[in-house]
Structure formats: C-alpha cells, structure tokens
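Comments concern the structure below.
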Amino acid sequence: MSADHPSTSGGPLAGITITFFVLGVLLLQLMLFSWLLLLEPRLSADAQSRAAALSQAQSHYLTKVLSQESVSQEAVIAAMDEILVLTDQQSGLPFLRSLALEVDYDSLNAPLGSLDLRFGDLQCDDCLRTKVFLQHEKSLAQIGIATFYASPHFLQDLLRGLRWQLFGSSLIASLLLLFAWLGVRHLLRRQQESEANLRNVFTATPIPLLLLEQGANTPRLTNSAARDYFANQWQPTGAWAELLAALPPNSAERPIREQQIALHPDHNCRWVLLSSIPLHYLGRPARLLAVVDITPLKNTQLALAEAKESAERATHAKGQFLATMSHEIRTPLNAIIGSVRLLVNESLTPVQQQRLHDIEQAGELLLSLVNDILDLTRVEAGRIELEQRDFTLQTLTSGVCSMLTSVATAKGVALFHEQQLSATAAYQGDPNRLRQVLLNLLGNAVKFTEQGEVRLTTRRLAHSEERDLLEFRVCDSGIGIAPEAMGMLFQEFSQLDQSIARRFGGSGLGLAISQRLVGLMGGEIRVESRLGEGSTFFFEIWLPHGQPPPEPIAQPATSPTTPASPSKTLPILDILVVDDVALNRAVLRGYLEHLGQRVEEADSGEAALNRLTERPYQLLLLDLRMPLMDGQATTRHIRNHPDSQISNIPIVVVTADVTPETRERCIEAGVNDLLPKPIPPGQLERIIAQYR
C-alpha cells in the first residue's frame, strides 16, 4: 500500500466557484428582502411620523391666531399662507402643499359662517395627510380641526439615497465576495501544491513512514522506505505486529521509545526508535508512525557501556593496585626512615652520620614521589574533596616559608615573605591543599635559583561581604623558562630539559598536581618568565571569610628530622603494637620507648585479642593490612567485646594506605585515629597526649 499521488483536477476549484456563486445569489435575495420587507415600510412609517410632527408644529401657529378675542377671515388666511410657504432649505420644495380647516364656531368669538372655509389644493393623492385637533390656548376648548397635506418629496429623497447606499453596499459586498473567491482559489492551489510537496517528501524520505488510521491494523499510506524495511508484509504477526503492540493506547501522546523487533523474513532482531504523532486524515483520526533503525547506534551504546564498565573495573583495579603498591612501598620506607631516625641518636662517626643523612634524604625523596603519584591519581579520578575549615592566612604562609628557610639559606638564596593583608585575616578553605601548592611553587623557586632571591607575595584583589579574591605570587631570580617550553610546564612526568632534570632532580609531578588543586579551588596557575632572568608563578582564588582557629594549624614536616626528645609532661602509657612485620614493630617500638612509653608487641589480630584479655592496655597501635584478620576486622571484634574495658580502648591504625576511602572504612569500623607510614615526627606525641 503506497502513498497516493496528489490530484491535479479542478474538482475542488469548481466546487469553490459554485459555492461562491450561490453565496452571491443569496446575497442579492437578502438585499431585496431587506428593501421590500424591512427598509421601505420602515421608511414610510418614518416619513409619516415626520409629517405628523411637522403638522403638529405648524398647528401651534394656527392655534395662536384662532385663539384671539376676535378672529377675522383675513388673519386666518394670512396664517395659512405662512404655513404653506414653509420650504426645505436644501431642495427649495414646500413641506406642506395644502391645508383644510374646519372651525368650531361655538368656541370662537367670530361671526357665524365667517370662518367656514377650505383653502389650498386638496387634490394631492401622494400627500401625507395629518389631522390635528386645535385647542384654545387659554380655555383649552376645541376650536376646530386642521388637516395638513405634506409633500412626500423629502421621503423620495431619503429613499433615493438609501437605494444608492444599498447599491453601493451590494457592489462592495460583491467585490469582497469576488476577492474572497480569488483568495480562496489561490490558497486552494497553494494547498494542492503544498500537499503535493508533502507527499513527495513523504515518499522520498529515507526513514520508514506509515499512516495508520485509528482502529486499523494495516497502514493506509506507506513510503518506499517503509515497504522495503518491512518487506511489504503487514500480517498480524511478526515485526509489524510487534510494532503495533508498542504503540501507546492514547493517540494524543507523542512518545519516542525504543523497541526491539524481529524483521521478516530472516527474523533479525533490530532496535528502532518509534515515534507516533496523532493527526487527522480525510476527517478521520489517525497517526503518523516514524521508524528509525538505531541498531548500529544501540550496538555502539552497548559497546560503550561495556567499555565503561571495563574502564571502571580497570580504574578500580588501578586504585587497588596503587593502594597495594603504596602499602608495599611505604612499609619498607617506614622501616628505612624510622631506623635512620633512631640511629641518628646513636654515637656515630661523621662518615656514618653523613651516610645516614644520605639514606634519610633518599627515603624522603622516594616518599615524596609516592605521595605525588597518589595525589595525581586521586585528582584525575575526581576522588579529592577539598575541606572547608577556618585558618589564618598569615600562619599558613609564614609556616610554608619557615619550612624552606633552611634549604634557601644553605644555597645562599634570600627567601622573603610579603603579605599585604592583616595578620589576623582568616578564611575558610582547605589549608593543607593550599599549603601543598605553595610548597611546590616555593620549593621549585628555591631549587631553580642559584643566587638572588625568592619572594612570596599575598594580596587581596577584590572583596565582598562574604569572600575575598586573593592573589598568591611566587617570584624568583632563577634560570627562567624558554617560551617554547611553556606548554610542558603542567604536564605529568615532564621536565623542560633532561640536563635540568639531572642537575636539579624531581619527578615533574609537582606543578601538574598544583595546577589541578588550584583548579579545584576555582583558579588557574599562570606563569611569566624569561630565560635566564627568573620566573613568576601566580594564581587567584576566592576564599570565604572565616574565624581565626583557637590554635595555630599544625605544620607537617617536609624535611628530615630526628625523633623528638621525651617531653616531661608526656604521660607514660601501656601501649600494644600490632603488626605482622617484625621490622615495623621494632621501629615503632623504638619510637615509643624513646618517648618513655611501655610497649608490648603482637604479630596478628588474633594475638592482639588474646593479649587484651590477659592484661589492660591504654592504647592500641594497629597495622591495617595483616593476614587472616586485618585491622578493620580486629577493630570490630574489639568494639563488640562484652568487656567494656576492652571494647573502649583507643585504637589508632598505622597504615601505608592513606586514601580517603580507607579512612572512612576505618572510622566506620570503630577506629579512633589514623597515622600514615612513615609516621611524621611529632604525631606519636600528639596521639599519646590525646588518648592518655
């Protein structure tokens, strides 16, 4: 069943012509009816009423004459002459052609018979006759009857004008009817052309289109694409039946839905987008169906979904791998750096001290590289969330500069800090991540500056009631950057020159991580530099106003330090160290005993549970990754123990897996705090003082 070709016959035009001819005849009949039955009788009545009003008005003058004490025939004749000479000012024709007067002598003071007269031309067949009863002005007694004969010429003028108006209206109506016929005829031709174009488009469209009348199971019209797609098979089974079953019950809806159908005759499953548009065809409700084959797109979508799942699995595996590698790398680093820090306090020769220092420097460098790789991975995966807490900007920037002062002084480089803000200016944000960015920028500036100075400048560019726009600018007089190398600055693992990398070292991750962290804060790091003259790195971020914290923010150690000496105010606790690696237990025990603590060891979670039931402890330092029973499982067993002395013991996890997900899982299991491996100096003192 195919789409019909549009008809080019004059049938519709002939029908329109006949319709307008009938309308013209009806209009003529309506005009004749209006004139003969409505207008002319109404105008005649109007002329009669006007003649009566004119006669009544003229009778007052005649009454005034007849109401005198003595009435003479001459006065009456003179009055009648005055009445009869009234004329129309426009046409000059008289209004009243004649007048007949009958006098009541009983009411007048006049000789009998003296006023018995008739005056005027009474032969007036077309005149409008009006009889008026005359009354005395004072006594109101009837004194006679006056019959006025008015000329109908003013009625003829009115009728003549109305005839011309009616003729003009008829002419205008006929012209309007003619123009309407021509317009409708033109629109009808345009409609036929448009319908022909639409049918041509319907037929030539490569998308299968079908016109289905309401209640029908076979299409009324189809294009060639539909016939080819469905193999011209419209049986109540197969692909056509599946498509009909997918149609919505309400034709007023216009859904676009996906549908899987099996095409005849090979029954290949295809995915289609089915669109149903309600319309009327030849006065009957119908719907236009559009079928778009999206099988290739669907296959691509399924492939993309599968690729996405595979990528997510790969990302998860990557995260697990990085967490495992972080643990595996940090665990020996913890032993290396911890052992070195413990050996520093021993009596060693200068050569041994220097070698220990070299080992510690290498361990710290390797630890920094591990931290950078983990940070970069978390930023790329969108797994870093910035904190929002109060901090004092002066404390943060001064602390950053103090961390690098010794390194800059050792190189002979002057390090300046200039803050154009109040010393008590406080903001809300993530001070640790902001500190990390500034340390990277300042560390690079000091590293690439052989002589001269490095300057950190902080200033406010704009402000509002709720936040400030701050600029952080790091300037140095170092080696500078060539213009062609600017594009590589913020790329991962990139160095501008291999000779520079060999000379100054570095992994090429610091600027890449800093750029991404500043991006999370809503800014962008920019650089101005000239080769051999130094560089300036700067960025701008909006920070909300905050309250100064009650205590200064603790500054994490970024340079090798030795274990702190035991504080006289530090309490002595019974501490149980649980770790499956003997070297890690030995290092941690050495730290704690150096701080004057009483320490015992356990090599597994099960052993820790047994130790807790044997004697009380005041603090538990627990490794996270152990065989059989890991740190989280051990924590849950302890928290569920019936003995409150055991279940309430403070538990601090010491782990190399420092990801936020690990922290959340540990806190959920009941852990009180976490310490990273290697343990930063000063953190053990904080833990002991907090959980004493």
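Source: prediction; values computed, not measured.
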Distance-only, no hydrogens or angles: does the [X] side chain make a donor-acceptor pair with backbone N or O of [Y] under 3.5 Å?
X: R516; Y: A512; answer: yes
X: N584; Y: D580; answer: no
X: Q428; Y: R389; answer: no
X: S477; Y: Q451; answer: yes
X: S647; Y: R639; answer: no
X: D630; Y: M626; answer: no
X: S402; Y: G399; answer: yes

What pair of heavy atoms forms the shortest contact from [X] to [Y], and how long is it?
X: N440; Y: S514; answer: ND2-OG, 3.0 Å
X: T613; Y: N610; answer: OG1-O, 2.6 Å
X: T449; Y: K411; answer: O-NZ, 3.1 Å
X: A408; Y: L415; answer: CB-CB, 4.2 Å
X: S604; Y: V578; answer: O-CG1, 3.5 Å
X: F391; Y: P431; answer: CG-CB, 3.8 Å

Gap separating the [atom1] atom of [X] from the [atom2] atom of [Y], nearest 0.5 angstrom:
X: L619; Y: I575; atom1: CG; atom2: CD1; value: 5.0 Å
X: L612; Y: D643; atom1: CG; atom2: CG; value: 9.5 Å
X: H545; Y: D390; atom1: NE2; atom2: CG; value: 12.0 Å
X: L297; Y: Q301; atom1: CG; atom2: CD; value: 6.5 Å
X: T634; Y: D623; atom1: OG1; atom2: CG; value: 9.5 Å
X: I646; Y: H641; atom1: CD1; atom2: NE2; value: 4.0 Å

Item to complete: Return the orientation label for the F539 and F472 ring planes: parallel under 30°, perpendicular over 60°, tilted otherwise.
Response: parallel

Is there a side-chain contact between [X] and [Y] (heavy atoms, below 4.5 Å)?
X: L511; Y: F537; answer: yes
X: E418; Y: R459; answer: no
X: L622; Y: V671; answer: no
X: F538; Y: T457; answer: no
X: T405; Y: T409; answer: yes
X: L624; Y: C666; answer: yes
X: M521; Y: L386; answer: yes
X: I688; Y: Q618; answer: no

So, [X] and [Y]: side-chain donor and acceptor under 3.5 Å apart, yes or no?
X: Y591; Y: Q597; answer: no
X: Y691; Y: N672; answer: no
X: E685; Y: Q683; answer: no
X: D476; Y: S535; answer: no

Response to the item:
Taken in chain and number order and not counting sequence neighbours, the residues that satisfy side-chain hydrogen bond (donor to acceptor under 3.5 Å, both in side chains) with D579 are K677

Is [X] salt-bridged to [Y], going by a charged N under 4.0 Å from an acidic O?
X: E593; Y: R598; answer: no
X: R455; Y: E453; answer: yes
X: D574; Y: R615; answer: yes

Are more than 12 heavy atoms, taken from residues, nucleotides or ligands other than [X], located less than 6.0 Å from that residue's [atom1] atom?
X: E668; atom1: CD; result: no
X: Q420; atom1: CD; result: yes
X: R530; atom1: CZ; result: no
X: E533; atom1: CD; result: yes
X: E466; atom1: CD; result: no

Item to complete: Take E601 and R611, measure what salt bridge (charged side-chain N to carboxylate O under 4.0 Å, His left out) needs, and give me the verdict at the end.
Response: CA-CA 9 Å; E601 301 178 15; R611 286 293 187 91; over 6 Å; no

Discussion item. Let's go through D468 and Y427 carefully: what are the C-alpha distance in whole Å and the side-chain angles of both, what is the deciding distance for side chain to side chain donor-acceptor pair (under 3.5 Å) to 0.1 Å, and is it a yes or a no?
Written reply: CA-CA 9 Å; D468 290 346; Y427 297 95; 2.9 Å; yes

Worksheet entry | side-chain contact (heavy atoms from CB on, under 4.5 Å) between T424 and T392, worked out | CA-CA 6 Å; T424 59; T392 304; 5.7 Å; no

Item to complete: Would you sort out whether L469 and R460 count as a side-chain contact (heavy atoms from CB on, under 4.5 Å), showing the intermediate values?
Response: CA-CA 6 Å; L469 178 62; R460 182 174 63 185; 5.9 Å; no

Fill in: Those residues that, when tested against H417, pass side-chain contact (heavy atoms from CB on, under 4.5 Å) (two or more places apart)
Q394, T397, S398, C401, Q419, L456

Discussion item. Test side-chain contact (heavy atoms from CB on, under 4.5 Å) on L595 and L684; report intermediate values, then the result.
Written reply: CA-CA 9 Å; L595 297 175; L684 278 177; 4.0 Å; yes

Worksheet item: What's the verdict on side-chain contact (heavy atoms from CB on, under 4.5 Å) for T536 and V474, showing C-alpha distance, side-chain angles and the deciding distance?
Response: CA-CA 6 Å; T536 299; V474 176; over 6 Å; no

Worksheet item: What residue pairs, at least two apart or across chains, pass salt bridge (Lys or Arg N to Asp or Glu O under 4.0 Å) with a residue in residues 391-408?
Response: none

